[in-house]
Amino acid sequence: MRIGIVCHPTFGGSGVLATELAAFLARQGHSVHVISYAMPARMDVFQPDLYFHEVQVQDYPLFQYQPYDLALSSMMVQVVQREKLDLLHVHYAIPHAYASYMARKILEDQGVVIPVVTTLHGTDITLVGKHPSYKPAVCFSIEHSSAVTAVSESLRRDTERIFNIRKRIRVIPNFVDLERYGRCTTDTRSKVAPDGMPIVVHVSNFRKVKRIQDVIDIFARVRAEIPARLVLVGDGPERTRAEEDIAARGLNDDVRWMGKSTDVERILSMSDVFLLPSESESFGLAALEAMASYVPVVATLTGGIPEVIDHGECGYLEPVGDTKAMARDVLDILTTPGKREEMGQKARIKAEQFAMAAVGAQYIQLYQKLLDEQAR
Ligand code: GMT
């Protein structure tokens with residue numbers, strides 16, 4: 001098949017999943033065209049049958065906001081026509097589902113019919129999409145997609161509750177390429193944590209929903225009890241406040257900032273516990289990547305996280321904001337002999353339920369179903 005993948009080129013979440021899916025499909029022999037406003041962080045430009053098309057947005061002094069939706073719809077039309085695409089798969093409803101609806105209408109006008117799959121990722125529904133300034137357009141564009149998927153049962157329920165969607169929403173979870181994750185050698189660890197002290201890690205886009213202040217409070221409570229290092233990967237609007245909080249608590253020497261490192265696998269391979277105390281998470285892709293690296297996760301009991309992490313088995317789940325309980329969980333994992341290794345093994349086994357090949361096959365099956373229906 002000739003497939004178009006539309007996504008945000010983000011460091012985390014939907015951008016990562018979309019890019020990993022594109023590479024997987026290309027390795028399966030499909031011709032895959034990724035469309036976005038910038039090259040996605042994890043895009044492998046040397047991957048055969050995988051192509052990137054950058055959306056060109058023409059600015060004009062009259063505009064206060066650049067009309068990205070128009071430019072994206074136009075780019076979709078051009079790529080479908082030029083590359084003779086069979087199907088479009090858009091990730092994150094805003095603005096992709098809406099822009100793809102316009103693209104489909106333009107193409108239909110030219111006698112080209114193409115299915116569009118919309119995958120809902122989380123904040124497009126639970127945070128941004130439900131806002132009155134977007135809700136009508138988001139609801140319409142989801143309803144008028146050829147097929148809709150959500151990355152967790154929790155997100156499917158949220159979508160049906162918030163948007164009163166009549167269309168069937170299939171659940172196809174996020175996935176992980178297990179071959180890319182594992183454990184590092186000890187000398188690599190010593191670059192981050194001397195004397196073999198434990199490494200607590202957090203990876204995110206440092207938005208308010210991630211509750212970075214809780215990551216720091218949890219670590220401060222742990223550090224008050226045992227020597228440890230906190231590794232922070234990513235960047236975003238909450239970073240400055242986090243740096244100030246860390247300095248105010250006298251933790252600068254115990255914290256390593258890694259920024260938007262493209263070497264997340266290596267950082268996770270040397271880590272001992274992954275923290276994800278989010279306000280809400282439809283799935284928690286970063287936590288799944290940690291689990292694939294044999295890292296137990298301490299997270300919040302919210303959204304789709306319980307579909308990924310079994311409490312007491314591959315980590316612990318606590319109420320949002322309960323940093324005292326989460327710190328206790330981290331200390332339990334780090335100070336109970338053999339616990340980290342035992343939970344790490346269970347985390348990896350759980351991660352294997354989200355293996356890329358099995359989940360990727362579900363998307364291919366859905367694409368084929370839509371194309372067969374169209375052919376009838
Ligand atoms: O985590 C973010 O805020 C980024 C966001 C995104 O859409 O890029 O992540 C969402 O999609 C990820 C991939 O499906 C999920 O693993 C995250 O849980 C989800 N984030 C939230 O629901 C807050």
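Counting starts at 1 for both ligands and their atoms, in listed order. Hydrogens, waters and symmetry mates are skipped; everything else that's a heavy atom, side chains included, is used. Nothing fancy with the numbering, it's 1 onward along the sequence.
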Around ligand 1, what residues show up once you keep those with a heavy atom under 4.0 Å from it? Gly12, Gly13, Ser14, Tyr92, His121, Gly122, Thr123, Val151, Asn174, Asn205, Arg207, Lys210, Ser280, Glu281, Ser282, Phe283, Gly284, Leu285

How is the hydrophobic cluster of Tyr98 composed, in terms of its other members, when Ile, Leu, Val, Met, Phe, Trp and Tyr link through side-chain heavy atoms under 4.5 Å apart, directly or indirectly? none

Hey, are Arg161 and Asp158 close enough for a salt bridge, meaning a charged N less than 4.0 Å from a carboxylate O? yes

What I want to find out is whether Arg328 reaches Asp332 closely enough, with some N-O distance under 4.0 Å, to be called a salt bridge. no

Can a side-chain donor-acceptor contact be found between His121 and Ser282 if the only test is distance below 3.5 angstrom? no

Throw together a table of side-chain donor-acceptor distances under 3.5 angstrom for residues 11-27, partners on residues two or more places apart or in other chains.
unit_1 : atom_1 : unit_2 : atom_2 : d
Thr19  : OG1    : Gly15  : O      : 2.6
Glu20  : OE1    : Arg180 : NH1    : 2.9
Glu20  : OE2    : Arg42  : NH1    : 2.9
Glu20  : OE2    : Arg180 : NH1    : 2.9

Acceptor/donor pairs from residues 273-281 side chains to any protein atom, 3.5 angstrom cut, sequence neighbours excluded:
unit_1 : atom_1 : unit_2 : atom_2 : d
Ser278 : OG     : Glu281 : OE2    : 2.8
Glu279 : OE1    : Arg211 : NH1    : 2.7
Glu281 : OE1    : Lys210 : NZ     : 3.4
Glu281 : OE2    : Lys210 : NZ     : 2.5

